[in-house]
Structures are given as C-alpha cells and as structure tokens.
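Contents: one structure, followed by commentary.
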Amino acid sequence: QVQLVESGGGLVQAGGSLRLSCAASGRTFSSYRMGWFRQVPGKEREFVAAITWSGSSTMYADSVKGRFAIARDNAKNMLYLQMNSLKPEDTAVYYCAAAISLSRVPRDYDYWGQGTQVTVSS
C-alpha cells in the first residue's frame, strides 16, 4: 500500500508560481506511476500530469503543458508539481495519486492523497 500526503498549496496571484509536494509512505513507491489531478466543486476530477516510475517519461494535460512540470525523487519517496505562470482557471484542489500503469484516467489510480487547495487570484 501507499499513503499519500500533499502539501504546498496556497493563494497566489496570476502569473505566479507554486510547487506542490506529495509525500509517499510505503516501500513500493518507486514501482508506481504517479499522477496529479485537480478538481473544482461541481466538476469531475481532471488529469493534470503523470510520470513513469523512473521519471523518464511524463505527460501533461494540454491546459498546463509548458507551464507545469512533474518530477519525482524515489530515494525520498516524493512527487512534485512545479506550477508556473498560474492562471485563475488553475484554481482547484490538487491531488496526487498512484497507479500501476501510466494513465490520464482517475479510475486507473489506486491510491489518492487528501488534496491541497490552490487558489489563483486575478
């Protein structure tokens, strides 16, 4: 099993940056593909970014491509999401998640964190 805890959310002005972190517990972290998702009230959870177990391959939603970067440190059991050039439409609760296979689909992920709020003001 993998337990996930996100941190780093907050309030930032449009154009600013934030770095989200996801701390994983469990000795099998390195064998999981990891993803970031976000959700606003009344809408479905939305894919943001994902990364392979080695970190050699990543994928992004079109809405964040070129602005966000996903990374992981398997030695520290950590996942990161660097968010630059933030826009008000990036406002959401951000979740990290672990899956056996790399996927954009929330139902393919087996473990989820509790989420961290990101608010971007205009």
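As the structure is a computational prediction, the values presented were derived from the model and not from experiment. This chain uses plain numbering: 1 for the first residue, then up along the sequence.
Between the T119 side chain and the L11 main chain, no donor and acceptor come within less than 3.5 Å of each other. Between the side chain of T91 and the backbone N or O of V120, at least one donor-acceptor pair lies under 3.5 Å. Panel note: side chain N77, backbone F29; no donor-acceptor pair is recorded below 3.5 Å.
Not counting sequence neighbours, D73 has no partner by the side chain to side chain donor-acceptor pair (under 3.5 Å) test. Partners of S17 according to the side chain to side chain donor-acceptor pair (under 3.5 Å) rule, which considers only residues two or more places apart in sequence or in another chain, are N84. Partners of T52 by side chain to side chain donor-acceptor pair (under 3.5 Å), not counting sequence neighbours: none found. A search for side-chain contact (heavy atoms from CB on, under 4.5 Å) contacts involving T58 returns I51, Y60, I70, not counting sequence neighbours. Q114 meets the side-chain contact (heavy atoms from CB on, under 4.5 Å) test with V5, E6; sequence neighbours excluded. Every residue two or more places apart in sequence or in another chain that forms a side-chain contact (heavy atoms from CB on, under 4.5 Å) with V93 is listed here: Y95, Q117. Legend: residues meeting side chain to side chain donor-acceptor pair (under 3.5 Å) with S56, ordered by chain and number and at least two apart, are S54. With sequence neighbours left out, F37 forms a ring pair (Phe, Tyr, Trp, His ring centres under 6.0 Å) with F47, Y109, W112.
Counting only residues at least two apart or in different chains, disulfide (SG to SG under 2.5 Å) contacts with residues 37-92 are absent. The stretch residues 67-122 participates, sequence neighbours left out, in these disulfide (SG to SG under 2.5 Å) pairs: C22-C96. Sequence neighbours left out, the pairs with a member in residues 38-48 that pass salt bridge (charged side-chain N to carboxylate O under 4.0 Å, His left out) are R38-E46, R38-D90. The disulfide (SG to SG under 2.5 Å) contacts involving residues 56-93 comprise nothing, where partners must be two or more places apart or lie in separate chains.
When every heavy atom of T116 is checked against every heavy atom of G9, the shortest pair comes out as OG1-N, 3.2 Å. Between A24 and V2 the shortest heavy-atom distance is CB-CG1, 4.1 Å. Listed here is the closest heavy atom pair of A98 and L4: N-CD1, 3.9 Å. Across all non-hydrogen atoms, the minimal contact from R104 to P106 is O-CD, 3.6 Å.
Two residues are said to be in side-chain contact when any heavy atoms from C-beta on lie closer than 4.5 Å; Y80 and R72 fail this criterion. Within the 4.5 Å cutoff, the side chain of V118 has heavy atoms near those of the L18 side chain. Side chains of Y94 and M83 form a contact here, defined as non-hydrogen atoms less than 4.5 Å apart.
Of the inter-residue distances, the one linking S85 atom OG with R67 atom CZ reads 7.0 Å to the nearest 0.5 angstrom. Between S21 atom OG and K76 atom NZ the span is 10.5 Å, to the nearest 0.5 Å.
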Checklist entry - Going through the distances and angles, do L86 and F68 end up as a side-chain contact (heavy atoms from CB on, under 4.5 Å)? => result CA-CA 9 Å; L86 282 160; F68 291 11; 3.8 Å; yes
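Cluster membership check: V12 shares its hydrophobic cluster with W36, using side-chain heavy-atom separations under 4.5 Å among Ile, Leu, Val, Met, Phe, Trp and Tyr. Taken together through direct or relayed side-chain contacts under 4.5 Å among Ile, Leu, Val, Met, Phe, Trp and Tyr, Y32 and L102 form parts of separate hydrophobic clusters.
With no hydrogens or angles considered, a side-chain donor-acceptor pair links S103 and D108 at under 3.5 Å.
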